[in-house]
Protein chains: 2
Amino acid sequence: MSDGSTKKPSRIQQRNRHLILDAALEVFSRHGFRGATLDQIATQAGLSKPNILYYFGGKEDIHLTLLSQLMETWLDPLVEMNAAGDPVEEILNYVQRKLDMAQQLPRESRLFAGEILQGAPRMRPELESKLKPLFDEKCAVIQSWIQQGRLPPLDPRHLIFSIWASTQHYADFESQVSLLMNEGDDTYASAATHLNMMFRTLLQG
Amino acid sequence: MSDGSTKKPSRIQQRNRHLILDAALEVFSRHGFRGATLDQIATQAGLSKPNILYYFGGKEDIHLTLLSQLMETWLDPLVEMNAAGDPVEEILNYVQRKLDMAQQLPRESRLFAGEILQGAPRMRPELESKLKPLFDEKCAVIQSWIQQGRLPPLDPRHLIFSIWASTQHYADFESQVSLLMNEGDDTYASAATHLNMMFRTLLQG
DNA sequence: TCGTAGATTTACCAAATGGTAAAATTTAAT
DNA sequence: ATTAAATTTTACCATTTGGTAAATCTACGA
């Protein structure tokens, strides 16, 4: 009824697959693909190693499943950028959504960053098939805003890169950021203020 | 005569240590610490594995040597930021130096990024002793510029984070960037233009 | 040229790790 | 309750990998 290849995942299956993926996200995001071990994932999930391999084909399979699930969530904030809205507001809202994502899903951000850092060996196909078309589409939207005179002339691609970099930085480089920020301060709140100002002046000035 | 613990590195020693560190930089930056193997490093260096361990105490030693050497180079552009200069020019020059560095030393950038991404397990002491004091010092410089009315009010810490993030992005996420940029374009040239404009409007507007 | 310190290779080892087979246990429909 | 299917554990295995010991080779000053 659902996808034709399997009947229906039992409650145990559903629970354990989720446990494993959550544990794997924790471990992969902290240690990278090769740095992570099935034993670590098993311990984190509270299951035995062979039991994990009962639910997934192998280490690679778990990693790939995570990346695949992540892609959707990851692209969502950009999908929401609406060509019919106000350019400045749309882009500033996008910045805020990306920053929120870094704050709320830091493990996902680091998993993604680690994969890209190593040349995207396991994710390139999905980058090409999902990220690239969306990126091109939104670049075209921004370009049209510029041509309508609603934004100053700038390279949409680099604008998006700057947004990605400056927001994800707080998740990916968290260990450095927390070392350099004073503990009392709310890093994400002040980051939101700063990034809002930075991109607002860029888009309006 | 040089450092008191060793006589003098022979020509062979000098050459081979350099070969090994260069090979290790290549391998570590691409695969991370655990992802890299001594065999890979040995092959890349054109030496045998035991021969590599003749020159270094072990895998960890090689990695630590690389990170230690890198720190100096890495902080240099920020050191050059001069409190006596023009604020906007000083910061824009800093942006450009960081971008040049990403372009010319992408392996070093990725090595650094990978270490931070994993929580800086091997570099935290040096981050605390070298990066943090310099960071605090330059934040104070920027703060004084602001108090003198020579820069608009902004959080110096987040300004520096934004500069780091948006410049290093081109090295650390190179695989993604190259996938999304059209091949004919000069990525770094257009990035320089964009970042210059972005930070100029922020600092002047 | 000879001898020795320096450099390199050969042949290993122990631990870690991804993975498997099969027995044992639990679950759930009848 | 019975039984068949699903799940979990126990006991392994082969490969990879960081590292070592000792033999061998090479550079180089006396």
**Complete:** Value for CG (A:L202) from NE2 (B:H194), rounded to nearest 0.5 Å, stands at 5.5 Å

**Request:** For A:R30, look at atom CZ and say whether over 12 heavy atoms of other residues, nucleotides or ligands are found less than 6.0 Å away.
**Result:** no

**Asked** According to the salt bridge (Lys or Arg N to Asp or Glu O under 4.0 Å) rule, which pairs have a member within residues 171-193 of chain B, sequence neighbours left out?
**Response** A:R157-B:D185

**Request:** Please list, chain by chain and in numerical order, all residues satisfying ring pair (Phe, Tyr, Trp, His ring centres under 6.0 Å) with A:F56, sequence neighbours excluded.
**Result:** none

**Prompt:** Can you give one letter per nucleotide of nucleotides 25-30 of chain C, 5' to 3': B if a protein heavy atom sits under 4.0 Å from the base, S if only from the sugar-phosphate, - if neither?
**Reply:** ------

**Asked** Mind checking whether A:F161 and A:H158 have parallel, tilted or perpendicular rings, split at 30° and 60°?
**Response** perpendicular

**Message:** Does anything in residues 48-56 of chain B come within less than 4.0 Å of DNA chain D? Heavy atoms only, and list the residues if so.
**Reply:** B:K49, B:P50, B:L53

**Enclosure of B:E80 CD (heavy-atom neighbours >12, cutoff 6.0 Å)** = yes

**CG-CD distance between B:L19 and B:Q44, expressed to the nearest 0.5 angstrom** = 10.0 Å

**Identified side-chain hydrogen bond (donor to acceptor under 3.5 Å, both in side chains) partner of A:D100 from the options A:R97, A:Q96, A:Q104, A:Q103** = A:Q96

**Asked** Are any of B:Q13's side-chain N or O atoms less than 4.0 Å away from OP1 or OP2 of C:dA7?
**Response** yes

Quick one: side chains of residues 126-141 of chain B, donor-acceptor pairs under 3.5 Å with protein atoms, not counting sequence neighbours, listed by atom name and distance.
from   : atom 1 : to     : atom 2 : distance (Å)
B:E126 : OE2    : B:S68  : OG     : 3.3
B:E126 : OE2    : B:K130 : NZ     : 3.3
B:S129 : OG     : B:P125 : O      : 3.2
B:K132 : NZ     : B:D136 : OD1    : 3.4
B:K132 : NZ     : B:D136 : OD2    : 3.1
B:K138 : NZ     : B:V79  : O      : 3.4
B:K138 : NZ     : B:M81  : O      : 2.7

**Donor-acceptor under 3.5 Å (A:K59 side chain, A:F33 main chain)** = yes

**Request:** Give me the residues of residues 15-46 of chain A where at least one heavy atom lies under 4.0 Å from an atom of DNA chain C, by number, or none.
**Result:** A:A36, A:T37, A:L38

